[in-house]
Undergrad: 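First the structure, then my questions, so here it is.
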Amino acid sequence: MRDFANESRYPMIPMEKAIEIILEIVRPLHPVSIARDELLGHVLAEDVRAEENMPPFATSHMDGYAVVATDDSKRRRVLGEQDAGAQLDVTVRQGTAVRIMTGAPLPPGADAIIPVEETTETDGYVSLPGAVPEGQWVHPVGQDYAVGDLIIPKGSVVGPPEIGLLANLGRSDLLAYPKPRVAVIATGDEIVAADETPGPGQIRDGNSYALCAAIRETGAIAQRVNRIVDNRRALYEAILEAVSETSVVVTSGGVSMGTRDLVKPVLAELGTVHFGRVAVKPGKPLTLATIKGTIVFGLPGFPVSSLVSFENFVRPALRVMMGHRALWRPEVTAYLRHDIAHKPDRTEFQRAVIRQKNGGTWWATTTGSQVSSRLRSLMGANALLRIPR
């Protein structure tokens, strides 16, 4: 006989309320010092300012000749060649010039560059135009940035350009938000590991592998736990161990109303359940709990419900923990190319392909059957259509 006690205990709440609760509970992880070469993908927790000018000395923007800008001599004696990485011990004056390479320091006295293609050099003398504008083809001191300039603001996501700038600045260790470790626990007597042969009434576990991939895509660290059978003690011990080792625990399955759905009772025994049902499709039995300060998400067992719930609720939480400011993917308004079925009692998310027509209006086509067990419906989808209650 079915037990409806859990259903009465956890009232259905709107999606907006569920997100509000999540954002009240989840906080960024405490910033730690991270080596520059390990910072890729992390969010900075401190401002990075320049402690020196770049370039630290005036340099040539072109291969050519360093000259005095006001000198109108048509023929000038070449004092030598200035290469990058060294400083020629000469001073440029009226009637003289220095052959110079791109990126090389400007020799004393010079304040302009004449490109090599505008000149002819013979027997130690160079023929070139007369006076030129001061600063022509010169990269002045501090043009890229000056001492005290804000180079990378707090909250920036570190990518290859930021890594390069940090190296230019001589910064080796910076405060940044660490990546949370997330344990994934698939539950159910009916599932076996992906490399096992299913017995009668069993299927291979795809959820924990898909969820681990989704976690890694956010930048967090995924830790897959071997599947747990529908046994209260086994589930209790698995969740308790995962809570002690990770920042977030994600379970898959066992949150509905069957007699073998044990996740909600175990979470209530171990900690605090903040909500147990959300007015959303797919993903109605989504559950949020905290145990000893660790966030636990109980996701439905159907593959699509599991991944869509992750996208809508877990992914934003992980991004908060990693210090991101943008929590959700971009949203656009799209027009449907065909009718869809929708029951208005829940916010619904349908898998779809959207395309922009002539650079303007977005048009959407669903991927077919929206049954929660049909994981193939997510393949090729580039959007979720959010259909309001």
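The chain is numbered in sequence order, starting from 1.
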Undergrad: CG of Asp83 to OG1 of Thr102: how many Å apart, nearest 0.5 Å?
TA: 11.0 Å
Undergrad: Side chains of Leu44 and Lys154: closer than 4.5 Å at any heavy-atom pair?
TA: no
Undergrad: Crowded around Glu331 CD? As in, over 12 foreign heavy atoms under 6.0 Å?
TA: no
Undergrad: Would you please classify the geometry between the His139 ring and the His61 ring as parallel, tilted or perpendicular, with 30° and 60° separating the classes?
TA: perpendicular
Undergrad: Any donor and acceptor pair, going by atom type alone, linking the side chain of Arg232 with main-chain N or O of Val266 inside 3.5 Å?
TA: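 Checking the backbone N and O of Val266 against the side chain of Arg232, no donor-acceptor pair under 3.5 Å is found.
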Undergrad: Mark yes or no for whether Arg36, through its side chain, and Arg171, through its backbone, hold a donor-acceptor pair below 3.5 Å.
TA: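 Yes, the answer is positive, given that a donor and an acceptor are paired below the 3.5 Å cut-off.
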Undergrad: Taking Ser60 for the side chain and Met62 for the main chain, is one N or O donor matched with an acceptor at less than 3.5 Å?
TA: yes
Undergrad: Determine the minimum heavy-atom distance between Ala268 and Tyr10, stating which atoms define it.
TA: CB-OH, 3.9 Å
Undergrad: Would you say the side chain of Ile22 lies within less than 4.5 Å of the side chain of Phe275, judging by non-hydrogen atoms?
TA: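 Phe275 reaches Ile22 side chain to side chain.
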Undergrad: Report, as yes or no, whether the 6.0 Å neighbourhood of atom CD on Glu269 holds more than 12 heavy atoms from other residues, nucleotides or ligands.
TA: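 Atom CD in Glu269 is crowded, with more than 12 foreign heavy atoms closer than 6.0 Å.
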Undergrad: Does any non-hydrogen side-chain atom of Arg224 lie less than 4.5 Å from one of Tyr209?
TA: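 They are in contact (side-chain heavy atoms under 4.5 Å apart), so the answer is yes.
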Undergrad: Start with the C-alpha distance between Ile100 and Trp137, add both sets of side-chain angles, then the distance that settles side-chain contact (heavy atoms from CB on, under 4.5 Å), and finish with yes or no.
TA: CA-CA 12 Å; Ile100 193 167; Trp137 298 116; over 6 Å; no
Undergrad: Closer than 3.5 angstrom, by distance alone: can the side chain of Glu162 be matched with the main-chain N or O of Gly159 as a donor-acceptor pair?
TA: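 Confirmed, Glu162 side chain pairs with Gly159 backbone.
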Undergrad: Measure the CG-CG distance between Asp173 and Asp37 for me, rounded to the nearest 0.5 Å.
TA: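 Nearest 0.5 Å value for the CG-CG distance: 9.5 Å.
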Undergrad: As a quick check of understanding, evaluate side-chain contact (heavy atoms from CB on, under 4.5 Å) for Ile215 and Gln223, giving each step before the final call.
TA: CA-CA 9 Å; Ile215 290 164; Gln223 177 178 310; over 6 Å; no
Undergrad: Between His42 and Pro31, is there a side-chain heavy-atom distance shorter than 4.5 Å?
TA: no
Undergrad: Could you grab the distance from atom OH of Tyr65 to atom CD of Glu81, nearest 0.5 Å is fine?
TA: 8.5 Å
Undergrad: Please determine whether the number of non-hydrogen atoms from other residues, nucleotides or ligands lying under 6.0 Å from atom CD of Glu46 exceeds 12.
TA: yes
Undergrad: Should we say atom CG of Asp89 is surrounded by more than 12 heavy atoms from elsewhere, each under 6.0 Å from it?
TA: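 No - once you tally the heavy atoms of other residues, nucleotides and ligands closer than 6.0 Å, there are 12 at most.
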Undergrad: Would you give the length of the straight line joining atom CD1 of Ile354 to atom CG of Leu336, rounded to the nearest 0.5 angstrom?
TA: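 Rounded to the nearest 0.5 Å, the CD1-CG separation comes out at 11.0 Å.
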Undergrad: Test of understanding: clusters of I, L, V, M, F, W, Y form through side-chain heavy atoms closer than 4.5 Å, transitively. Do Val116 and Val68 belong to the same one?
TA: no
Undergrad: Distance-only, no hydrogens or angles: does the Gln356 side chain make a donor-acceptor pair with backbone N or O of Thr361 under 3.5 Å?
TA: no
Undergrad: State yes or no: do Val243 and Ile221 share one hydrophobic cluster built from I, L, V, M, F, W and Y residues joined by side-chain heavy-atom distances below 4.5 Å, directly or via other members?
TA: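 No; Ile221 is not reachable from Val243 via cluster members.
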Undergrad: Spell out, yes or no, whether Leu385 and Val304 are grouped together once hydrophobic residues are joined by side-chain heavy atoms under 4.5 Å, including indirect joins.
TA: no
Undergrad: As a test of understanding, state which of Thr187, Asn207, Asp205 forms a side chain to side chain donor-acceptor pair (under 3.5 Å) with Ser252.
TA: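 Considering Thr187, Asn207, Asp205, a side chain to side chain donor-acceptor pair (under 3.5 Å) with Ser252 is found only for Asn207.
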Undergrad: Taking atom CD of Gln87 as the centre, does the number of heavy atoms from other residues, nucleotides or ligands within less than 6.0 Å exceed 12?
TA: yes
Undergrad: Do any N or O atoms from the side chain of Lys264 and from the backbone of Gly298 form a donor-acceptor pair under 3.5 angstrom?
TA: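 A pair under 3.5 Å: no.
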Undergrad: Do any N or O atoms from the side chain of His342 and from the backbone of Pro388 form a donor-acceptor pair under 3.5 angstrom?
TA: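 Flag set: sc His342 to bb Pro388 pair under 3.5 Å.
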Undergrad: Can you name the closest pair of heavy atoms from Thr367 and Ala381 and give their distance?
TA: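 So the two residues come closest at CG2-CB, 3.9 Å.
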Undergrad: Mark yes or no for whether Arg76, through its side chain, and Val126, through its backbone, hold a donor-acceptor pair below 3.5 Å.
TA: no
Undergrad: Taking all heavy atoms of Thr91 and all of Thr96, pick out the closest pair and write down the distance.
TA: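 Looking at all heavy atoms of both residues, the closest pair is O-OG1, 4.5 Å.
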Undergrad: Can you check whether Leu299 reaches Leu211 side chain to side chain, under 4.5 Å on heavy atoms?
TA: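 In contact.
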Undergrad: Following the transitive rule for hydrophobic clusters with a side-chain heavy-atom cut-off under 4.5 Å over Ile, Leu, Val, Met, Phe, Trp and Tyr, establish whether Val320 and Val43 coincide in one cluster.
TA: no
Undergrad: For Phe310 and Val184, what are the C-alpha separation, side-chain angles and deciding distance, and is it a side-chain contact (heavy atoms from CB on, under 4.5 Å)?
TA: CA-CA 12 Å; Phe310 178 91; Val184 177; over 6 Å; no
Undergrad: Any idea which heavy atoms bring Gln82 and Pro105 closest together, and the distance?
TA: CG-O, 3.2 Å
Undergrad: Assess the residue pair Phe313 and Met15 against the criterion (side-chain contact (heavy atoms from CB on, under 4.5 Å)); give the C-alpha distance rounded to whole Å, side-chain angles, the decisive distance to 0.1 Å, and a yes or no.
TA: CA-CA 9 Å; Phe313 301 97; Met15 178 181 180; 3.8 Å; yes
Undergrad: Are Leu106 and Val141 linked, directly or through other ILVMFWY residues, by side chains that come within less than 4.5 angstrom of each other?
TA: no
Undergrad: Give a yes or no on whether His338 atom NE2 has more than 12 heavy-atom contacts from other residues, nucleotides or ligands under 6.0 Å away.
TA: yes
Undergrad: Taking all atoms of both residues into account, what is the closest heavy-atom pair of Leu39 and Ala176, and its distance?
TA: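 Looks like CD2-CB, 3.6 Å.
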Undergrad: Kindly compute the distance separating NZ (Lys281) from NZ (Lys343), expressed to the nearest 0.5 Å.
TA: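 Result: 6.0 Å between the selected atoms.
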Undergrad: Short question: side chain of Asp72, backbone of Gly130 - any donor-acceptor pair under 3.5 Å?
TA: no
Undergrad: Measuring only between side-chain heavy atoms, which start at C-beta, is Arg346 closer than 4.5 Å to Val280?
TA: no
Undergrad: Looking at CG of Asp189 and CD1 of Ile228, how far apart are the two atoms once the value is rounded to the nearest 0.5 Å?
TA: 11.0 Å
Undergrad: How close do Glu134 and Ala69 get, heavy atom to heavy atom, and via which atoms?
TA: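 Nearest heavy atoms, Glu134 then Ala69: CA-CB, 3.6 Å.
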Undergrad: When you measure from the side chain of Arg204 to the backbone N and O of Glu196, does any donor-acceptor pair fall under 3.5 Å?
TA: yes
